[in-house]
Amino acid sequence: NAGVTQTPKFQVLKTGQSMTLQCAQDMNHNSMYWYRQDPGMGLRLIYYSASEGTTDKGEVPNGYNVSRLNKREFSLRLESAAPSQTSVYFCASSEATANYGYTFGSGTRLTVV
Amino acid sequence: AQSVTQPDIHITVSEGASLELRCNYSYGATPYLFWYVQSPGQGLQLLLKYFSGDTLVQGIKGFEAEFKRSQSSFNLRKPSVHWSDAAEYFCAVGAPWNYGQNFVFGPGTRLSVLP
């Protein structure tokens, strides 16, 4: 029973490099989310996908793009990484709205140098 | 817009002692309330949630929370803490029909447990 799986767990990028964070869930949830967690800033929503085929911006979408590849997978792409994007990134899913409760992945720790 | 405060940044309790973590929210209507726990290096895990009905909610791992509308509070309790409960705890409030855009996490309370 894997739940939400994120890859990679750790990544170091140079400024300007690009990368894609992968996320997959096996709970047949309709909604998926990307959050970042920073000390003193808490958890902030980057993008969400309420259902397969739809994506919407959250609180801090600048510098990111997302793809809801299918019902299971929701990827986050950094086109040109900046030091301000150093953070821990969490993917989450929910059965429907966020009020059903999130299931979170274990996170990706990203450092941009 | 809703908001959440957790007045205690860090709490230390002895193993076997009781625990209460405080949470206050601001929201104009009846809120959807949650407690999540985050162990080091892990994602958040849902402990319990409140939508309506009985104001005392039971969750996983022996936790419970009580919704008090008059005090705008949703405090988390556990009668006897175990060393494995050491973690960070987040209270959260959601508006109806939200997909995260109207969902607010509190700043968190870090719990340390003394042997």
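The sequence lines fix the lettering, A, B, ..., with proteins before strands; numbering per chain opens at 1.
- Using a 4.5 Å cut-off between heavy atoms, Q37(A) contacts chain B through its side chain alone, with no backbone atom that close.
- Screening residues 83-111 of chain B for salt bridge (charged side-chain N to carboxylate O under 4.0 Å, His left out) gives K78(B)-D85(B) as the qualifying pairs, with residues at least two apart or on separate chains.
- Other residues, nucleotides and ligands contribute more than 12 heavy atoms inside 6.0 Å of the OH atom of Y27(B).
- When heavy atoms are compared at a cutoff of 4.5 Å, A95(B) approaches chain A solely by way of its backbone atoms N, CA, C and O.
- Ring geometry for Y36(B) versus F104(A): interplanar angle over 60°, hence perpendicular rather than tilted (30 to 60°).
- Contacts with chain B (heavy atom to heavy atom, under 4.5 Å) involve these residues of residues 50-75 of chain A, listed by number: A50(A).
- Proximity to chain B (any heavy atom under 4.5 Å) is restricted, for A96(A), to the backbone atoms N, CA, C and O.
- One finds the OG1 atom of T103(A) at 11.0 Å from the CG atom of L44(B) (value rounded to the nearest 0.5 Å).
- A distance of 12.5 Å separates CD of Q45(B) from OG of S106(A), quoted to the nearest 0.5 Å.
- When the ring pair (Phe, Tyr, Trp, His ring centres under 6.0 Å) test is applied to Y50(B), the partners found at least two apart in sequence or on another chain are F67(B).
- Both L33(B) and Y89(B) belong to a single network of hydrophobic side chains, linked directly or stepwise wherever heavy atoms of I, L, V, M, F, W or Y lie under 4.5 Å apart.
- Among P107(B), S39(B), G100(B), the residue with the largest count of heavy-atom pairs under 4.5 Å with chain A is G100(B).
- Under the 6.0 Å cut-off for aromatic ring centres, Y102(A) and F103(B) qualify, their centroids lying closer than that.
- No donor-acceptor distance shorter than 3.5 angstrom exists from the side chain of N98(B) to the backbone of N99(A), with no hydrogens or angles considered.
- With sequence neighbours excluded, the residues satisfying ring pair (Phe, Tyr, Trp, His ring centres under 6.0 Å) with Y32(B) are F51(B).
- Taking CD of Q38(B) as the reference point, atom CZ of F90(A) lies at 4.5 Å (rounded to 0.5 Å).
- For Y99(B) and Y33(A), the ring centers sit 6.0 Å or farther from each other.
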